[in-house]
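What follows is a single structure, written as structure tokens, with notes after it.
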Amino acid sequence: MEHQYYRDRRIGEHFDLLLDRIKENESISIRKISKSRSEQRQFYRLLASPKFTEDKIVRQFSDECKERVTEGSHILAIHDTSVMCYRQYSGRIKAQTGLGPTGNMSIGFYLHPVLAIRAEDENLLGFSYIYRWIKTGTDDERKTKRKKRAQRDIEDKETYKWILSAERSKSVFSRASMVTFIADRESEFYEYWATVPDEKTHVISRSNHDRWIEESDEGLFGYLSGQSLSGEYTITVNDLIYHQEVKRQARIELRFAEVTIIRPNIAALYRRGYPDKIKLRAIEARETDDSVPEAGHRVLWRIMTTHSIEDFSKAMQIVEWYTKRWYIEQLFRTLKKKGFDCEDSLLGTGEALRKLALSALDSAMKVMLLILARGGKSQQKAENTFDKDELDCLEVLNKEYEGHIESQKNPYIKRTIPWVSWIIGRMGGWKGTKSERPAGPITMYTGLDKFNKIMIGWRLKNLQKLGSP
């Protein structure tokens with residue numbers, strides 16, 4: 001019998017089991033997550049099998065994401081790049097097995113996932129696409145390519161990942177009424193603006209260059225700063241103060257304008273026939289002087305979008321959507337040292353390491369699911385993520401972590417994801433008070449790890465009951 005993604009159903013079954021074990025144990029160590037020596041060998045054989053490919057892993061994740069997209073929804077598709085480095089194992093990992101140079105005398109590969117979130121309630125839908133690649137050639141060869149960058153077509157550049165990932169994701173979002181791709185400054189290039197947007201697809205990018213515009217000779221940045229003040233509001237930002245990351249309140253002034261970006265004088269753009277100009281909306285979010293702490297850094301974002309902006313509230317909405325990039329940054333933190341520690345795997349080939357890292361993304365997404373549910377907007381049922389035994393155990397734990405007064409009780413509907421998020425956060429060390437900031441990714445990861453250990457005893461207890469006369 002064939003599996004949905006594999007001719008040999010055993011491969012699909014073994015992969016599903018691997019995903020379950022990673023989630024149960026909050027670890028990617030094959031030795032730690034395997035329940036037996038036989039299961040351990042099974043996972044090693046799976047990751048080494050040429051029939052078990054990265055493309056099929058990505059396709060499975062994309063199909064699962066597509067199933068969760070509801071008719072008429074608005075999708076925030078957040079994409080970014082992370083490098084997976086295996087420097088400490090560069091002498092042990094076999095050469096030519098799927099890894100390449102990543103800088104600083106290290107080897108590894110690059111991941112560029114697209115994380116899909118429903119805008120209406122911030123339900124996490126999964127990964128619409130995950131692009132992967134390695135760098136090849138010598139340092140001199142790569143320097144030569146960079147020098148000739150302006151002459152090369154976008155398809156021959158690393159930045160093509162932004163366009164490719166967006167285009168591959170569009171079919172996954174076919175049932176949505178609107179899609180907004182959100183990215184940082186690296187995605188701010190002419191080909192991206194000219195290619196990705198369509199009748200239902202928008203982009204939001206942070207500006208990286210002071211562009212030439214039709215409206216002013218002084219350039220985009222000067223023109224934006226000269227616009228009349230639209231309004232002010234306060235946001236919470238992460239700042240580096242005295243070498244420590246802290247959350248603080250920042251008072252933001254917003255200005256916006258419609259601008260006409262003039263096509264850069266680059267040979268490849270002329271040769272490929274890209275339009276002479278592109279209409280976009282630009283926003284400047286600048287922190288007021290009296291809001292910046294002495295040792296802090298001023299918030300100054302210039303954001304470009306294809307969304308229309310009629311007033312202050314719509315400009316504020318665009319900035320708010322842009323800040324959702326935080327979720328994919330936290331996803332990478334969870335995947336690495338602060339969570340699954342994927343870069344510390346002991347597998348012996350690059351192909352196996354890449355497949356294991358992709359598998360771990362699915363479990364890191366579970367942590368993010370709980371993060372997104374903290375505010376209680378979502379009423380997503382927990383039964384799609386947690387089984388009956390886990391939910392029964394969580395009900396008991398909920399009573400343990402709730403206080404005696406109303407403000408110390410779990411405020412969410414029983415057996416929904418926000419309800420689970422509150423319990424897991426408490427287990428991770430969060431106090432549950434309104435005065436304390438919500439539980440972060442590491443707190444959630446710690447709580448899940450503690451919960452999974454409790455579940456081992458819970459299941460054993462149930463097995464003993466079944467075996468008793």
Side-chain angles (χ1 to χ4, degrees), residues 18-29 32-33 57 61 64-65 68 76 78-80 82 84 111 113-118 121-128 130 238 245 247 323-345 356-378 380-387 390-391 393-394 397 401 412 416-430 432 437-455:
L18 176 65
L19 293 178
D20 287 342
R21 291 288 184 263
I22 292 173
K23 287 175 185 174
E24 288 169 4
N25 296 277
E26 297 300 311
S27 172
I28 51 99
S29 169
K32 287 181 182 178
I33 68 176
I57 296 173
F61 289 171
E64 289 169 357
C65 180
R68 299 181 188 120
L76 302 179
I78 308 162
H79 51 154
D80 203 357
S82 182
M84 305 297 295
L111 277 174
V114 183
L115 184 67
I117 298 171
R118 195 160 60 213
D121 53 15
E122 294 195 4
N123 269 0
L124 182 59
L125 307 179
F127 300 105
S128 58
I130 306 170
N238 291 318
E245 188 177 289
K247 283 188 179 293
T323 62
K324 302 304 179 188
R325 278 197 64 260
W326 177 85
Y327 294 131
I328 201 163
E329 291 174 355
Q330 297 307 309
L331 177 82
F332 292 145
R333 286 185 69 198
T334 307
L335 193 64
K336 295 186 177 183
K337 288 290 183 186
K338 298 295 184 180
F340 289 91
D341 207 3
C342 277
E343 295 171 320
D344 201 36
S345 175
L356 186 60
L358 283 174
S359 303
L361 269 174
D362 186 63
S363 293
M365 189 179 70
K366 186 177 181 180
V367 176
M368 294 310 303
L369 180 69
L370 297 174
I371 294 293
L372 287 166
R374 296 173 309 181
K377 282 186 183 180
S378 169
Q380 189 175 351
K381 291 182 179 180
E383 61 193 29
N384 297 325
T385 308
F386 297 86
D387 64 31
E390 290 173 325
L391 291 173
C393 181
L394 283 164
L397 290 168
Y401 282 95
Y412 304 115
T416 61
I417 291 295
W419 176 80
V420 173
S421 175
W422 188 92
I423 301 166
I424 298 298
R426 293 283 285 114
M427 295 181 72
W430 176 57
R437 68 184 186 185
I442 308 311
T443 301
M444 287 297 186
Y445 176 86
T446 304
L448 269 175
D449 185 50
K450 187 175 179 179
F451 171 65
N452 289 325
K453 288 182 172 69
I454 291 172
M455 275 307 301

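The residues of the chain are indexed from 1 along the displayed sequence. Below, each value reflects all heavy atoms present in this structure, side chains not excepted, and no hydrogens, waters or symmetry copies. This is a predicted model, so every value here is computed, not measured.
- Taking 4.5 Å as the limit, every side-chain heavy atom of M444 sits out of range of all side-chain heavy atoms of W430.
- Y327 and I117 get closest at one heavy-atom pair: CD1-CD1, 3.6 Å.
- Here the closest heavy-atom approach between residue S345 and residue L356 is recorded as OG-CD2, 3.6 Å.
- Taking OH from Y401 and CE from M427, the interatomic distance works out to 4.5 Å, rounded to the nearest 0.5 Å.
- Between the side chain of D449 and the backbone N or O of Y445 there is no donor-acceptor pair closer than 3.5 Å.
- Here CG of N452 is found 5.0 Å from CD of E26. Values are rounded to the nearest 0.5 Å.
- Using a distance-only test at 3.5 Å, with no hydrogens or angles considered, no donor-acceptor pair links the side chain of N25 to the main chain of S27.
- Shortest non-hydrogen contact noted between P113 and I328 is O-CD1, 3.6 Å.
- For the pair L124/R68, no side-chain contact is recorded, criterion being any heavy-atom separation below 4.5 Å from C-beta on.
- Relative to the ring axis of F386, K366 places its NZ or CZ within 45° and under 6.0 Å from the centre.
- For S421 against L370, the heavy-atom pair with the smallest separation is OG-O, 2.7 Å.
- With rounding to the nearest 0.5 angstrom, the CD atom of E390 is 12.0 Å from the CD1 atom of I454.
- Residues K381 and I417 fail the side-chain proximity criterion, which asks for heavy atoms closer than 4.5 Å.
- Atom CD1 of residue I371 and atom OG1 of residue T334 lie 7.0 Å apart, to the nearest 0.5 angstrom.
- Nearest approach of D341 to I28, heavy atoms of both residues: O-CD1, 4.1 Å.
- Checking side-chain atoms of T446 against main-chain N and O of G428 turns up no donor-acceptor pair under 3.5 Å.
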